[in-house]
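Reviewing the structure listed below.
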Number of protein chains: 2
Amino acid sequence: MPPNDPTPSVRDSLLDEATRRFAAQGFGGTSLQVIADGVGIRKASLLYHFPSKDALRDAVLERLLARWNALLPGLLLAASEGGAPRRDRFARVMEALTSFFLEDADRARVLLREILDRPDAFRALLARHVRPWIVIVAEQLEAAKADGAVHEDADPEAYAVQVLHLVVGGIAVMDATSALLDAPPERARARFEVELMRIVRAAIFRPQERNTKKIRQAGVRR
Amino acid sequence: MPPNDPTPSVRDSLLDEATRRFAAQGFGGTSLQVIADGVGIRKASLLYHFPSKDALRDAVLERLLARWNALLPGLLLAASEGGAPRRDRFARVMEALTSFFLEDADRARVLLREILDRPDAFRALLARHVRPWIVIVAEQLEAAKADGAVHEDADPEAYAVQVLHLVVGGIAVMDATSALLDAPPERARARFEVELMRIVRAAIFRPQERNTKKIRQAGVRR
DNA sequence: CCTACCGATCGGTAGG
DNA sequence: CCTACCGATCGGTAGG
């Protein structure tokens with residue numbers, strides 16, 4: 001799959017359009033007709049590429065998860081890089097996570113809707129694609145309790161799940177919730193991101209001592 | 001409206017059933033037929049009580065927000081109770097918030113779906129029913145920075161919005177995400193709740209001093 | 001709250 | 001990838 005194919009296949013266009021529509025109006029609220037119209041083909045032609053509406057949904061999810069999985073090796077490396085301080089490693093994983101969904105908020109919306117629409121079906125998918133990450137992160141945080149970097153009363157596994165939801169769900173509904181802030185949309189969004197990272201960090205790491213090095217003035221600016 | 005009417009009106013039954021269906025399959029994924037079937041009347045009869053599907057949705061949301069608003073006076077009182085320590089007041093507000101949605105997770109699901117389905121329409125609603133609360137909480141937290149109870153680099157307004165999402169969204173998808181924890185469902189749910197409260201607290205309040213006047217360890221902030 | 005009915009649209013098929 | 005078409009279901013109306 002060349003990432004920058006100048007002439008995307010009809011199949012890819014259909015997946016793009018379906019993703020947008022499913023994200024915006026949901027699976028039940030989207031008809032095959034509007035997806036076909038959006039790509040400029042007949043509905044019957046859509047059903048040539050995907051034998052049913054369910055098959056189309058599966059393909060949308062499959063592609064989304066494939067892109068997510070493509071990110072994992074790099075993430076795993078960043079997370080377990082022995083040299084870097086724990087906080088930096090953690091920040092790098094968090095940044096990769098957030099940027100994946102900020103890059104295209106429809107990814108977050110499709111996943112969130114899937115959880116709501118088919119919680120049972122999604123459980124299996126979560127167990128396969130997400131659980132391993134929860135375990136790795138939780139182990140690292142649990143180990144970090146020993147040298148006092150992490151709050152002792154934290155439940156690292158539950159914490160990791162909450163953070164995941166905070167990022168994915170937060171980005172999915174960001175357009176609406178950022179209106180709750182007394183600031184223009186652009187600024188609201190920025191404050192949202194900064195505060196998200198602050199919460200995530202403050203909730204797990206204990207305050208750092210200042211004497212050794214005077215680095216770390218908070219905030220992962222990019 | 002008597003709260004414990006032994007024979008609920010058809011109208012109420014329709015609202016109950018619609019809420020359940022909208023929460024589970026979404027507005028677009030729910031037909032008037034299944035709602036009518038669920039209550040044991042004809043679809044045409046449903047349309048006698050609610051002139052259109054849109055009107056039914058509006059009524060579902062209206063009732064939900066009315067119940068939410070009924071909670072507010074007590075909440076406001078708990079939040080501004082001058083005598084109690086700030087942390088206790090905060091905890092009381094948080095508990096009222098979470099218990100409202102834990103009492104019936106469909107409330108959280110309907111709201112979350114509404115944000116996804118109609119972000120623009122929901123913005124106005126958020127501004128009216130939720131913004132005032134954000135402002136009050138944010139003001140209290142901002143003031144609390146002065147006596148060192150709250151992290152100075154926190155953005156109280158953005159924090160309050162994130163917490164709101166953490167609670168509402170978290171409860172909406174709890175069934176699916178609790179499967180990510182290595183524990184039986186009941187236990188997973190409990191850990192979820194406990195860790196949620198810990199995160200919310202640790203993210204905003206600075207660690208409490210153990211003996212009254214020992215303020216050294218954090219050093220001079222900023 | 002019912003029976004009876006409407007046009008429009010739904011997901012999907014036949015056949016090329 | 002198209003034209004042509006299907007039965008089923010959609011939200012909604014008429015009239016009682």
Side-chain angles (χ1 to χ4, degrees), chain A residues 1 5-64 110 113-114 116-118 120-121, chain B residues 1-2 5-64 110 113-114 116-118 120-122:
Chain A
M1 320 178 176
D5 195 331
T7 55
S9 68
V10 173
R11 195 190 138 89
D12 285 338
S13 301
L14 283 168
L15 288 173
D16 290 343
E17 185 69 19
T19 300
R20 277 191 292 268
R21 297 291 183 169
F22 289 165
Q25 278 89 37
F27 182 77
T30 304
S31 69
L32 296 182
Q33 190 66 63
V34 309
I35 297 172
D37 288 350
V39 171
I41 64 172
R42 302 287 170 180
K43 187 183 63 173
S45 308
L46 185 164
L47 287 161
Y48 161 78
H49 291 281
F50 303 96
S52 70
K53 194 184 181 186
D54 273 318
L56 177 57
R57 162 164 59 187
D58 290 347
V60 164
L61 286 171
E62 196 180 313
R63 191 178 65 158
L64 201 162
V110 166
R113 282 191 185 275
E114 198 62 17
L116 289 167
D117 289 350
R118 305 191 299 171
D120 295 333
Chain B
M1 313 178 178
D5 194 333
T7 55
S9 68
V10 175
R11 195 191 138 88
D12 285 340
S13 302
L14 283 168
L15 288 174
D16 289 344
E17 184 69 18
T19 300
R20 279 191 290 269
R21 297 291 182 168
F22 290 164
Q25 279 89 38
F27 182 77
T30 303
S31 68
L32 296 181
Q33 189 67 62
V34 308
I35 296 172
D37 288 350
V39 171
I41 64 172
R42 303 288 169 178
K43 186 182 63 174
S45 308
L46 185 163
L47 287 161
Y48 160 79
H49 291 281
F50 303 96
S52 71
K53 196 184 180 187
D54 272 318
L56 177 57
R57 162 166 58 188
D58 289 349
V60 164
L61 287 171
E62 196 180 312
R63 191 178 66 158
L64 201 164
V110 166
R113 283 192 185 274
E114 198 63 15
L116 288 168
D117 289 349
R118 304 191 300 173
D120 294 334
F122 210 70

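Note on naming: letters A, B, ... go to the chains in the order of the sequence lines (proteins, then strands), and numbering restarts at 1 for each one. Just so we're clear, the structure is a prediction, and the values are computed from it rather than from any experiment.
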Of the candidate nucleotides dG12(D), dT13(D), dT13(C), which contains the atom at the shortest distance from the side chain of A44(B)? dT13(D)
Determine whether R113(A) and D117(B) make a side-chain contact, defined as any pair of heavy atoms from C-beta on separated by less than 4.5 Å. yes
What distance do S9(A) atom OG and L15(A) atom CG have between them, rounded to the nearest 0.5 Å? 7.5 Å
Side chain proximity check, L116(B) to F122(B), heavy atoms < 4.5 angstrom: no
Checking contacts here: which listed nucleotide (dC1(D), dG11(D), dC2(C)) is nearest the side-chain heavy atoms of H49(A)? dC1(D)
Is any side-chain heavy atom of R21(B) closer than 4.5 Å to a side-chain heavy atom of F27(B)? no
Please report, rounded to the nearest Å, how far the C1' atom of dT3(D) is from the CG atom of L46(A). 16 Å
Taking the side chain as every heavy atom from C-beta outward, state whether Q25(B) and R118(A) have any atom pair closer than 4.5 Å. no
Does a side-chain N or O of S52(A) approach OP1 or OP2 of dG11(C) to a distance below 4.0 Å, or not? no
Contact list please: residues 30-37 of chain B against DNA chain D, heavy atoms, distance less than 4.0 Å, in numerical order. T30(B), S31(B), L32(B), Q33(B)
Does any donor-acceptor pair link the side chain of K43(B) with the base of dG11(D) at a separation under 3.5 Å? yes
When rounded to whole Å, the NZ to C1' distance for the pair K53(A) and dT13(C) reads 18 Å
State, with a plain yes or no, whether a side-chain heavy atom of L64(A) is found less than 4.5 Å away from one of T19(A). no
4.5 Å side-chain heavy-atom contact, L32(A) and F50(A): no
Check whether any side-chain heavy atom of L14(B) lies under 4.5 Å from a side-chain heavy atom of I41(B), and answer yes or no. yes
Side-chain contact test, heavy atoms from C-beta onward, threshold under 4.5 Å: evaluate it for R63(A) versus D16(A) and give yes or no. yes
Other residues, nucleotides, ligands: >12 heavy atoms within 6.0 Å of E62(B) CD: no
Listed in order of residue number, which residues of residues 13-29 of chain B have a non-hydrogen atom at under 4.0 Å from DNA chain C? none
Find the distance L47(A):CG to dT3(D):P and express it as a whole number of Å. 15 Å
dT3(D) P sits how many Å from R42(A) CZ, rounded? 4 Å
Where each pair must be Watson-Crick or G-U wobble with both distances under 3.5 Å, what dot-bracket representation of DNA chain C is obtained, with crossing pairs in [ ] and other-strand partners as |? ||||||||||||||||
Comparing nearest nucleotides in DNA chain D, the 5'-proximal residue of the pair D54(B), Y48(B) is D54(B)
note: R57(B), atom CZ; dG12(D), atom P; distance rounded to Å ~ 11 Å
CZ-CG distance between R42(A) and D37(A), expressed to the nearest 0.5 angstrom: 8.5 Å
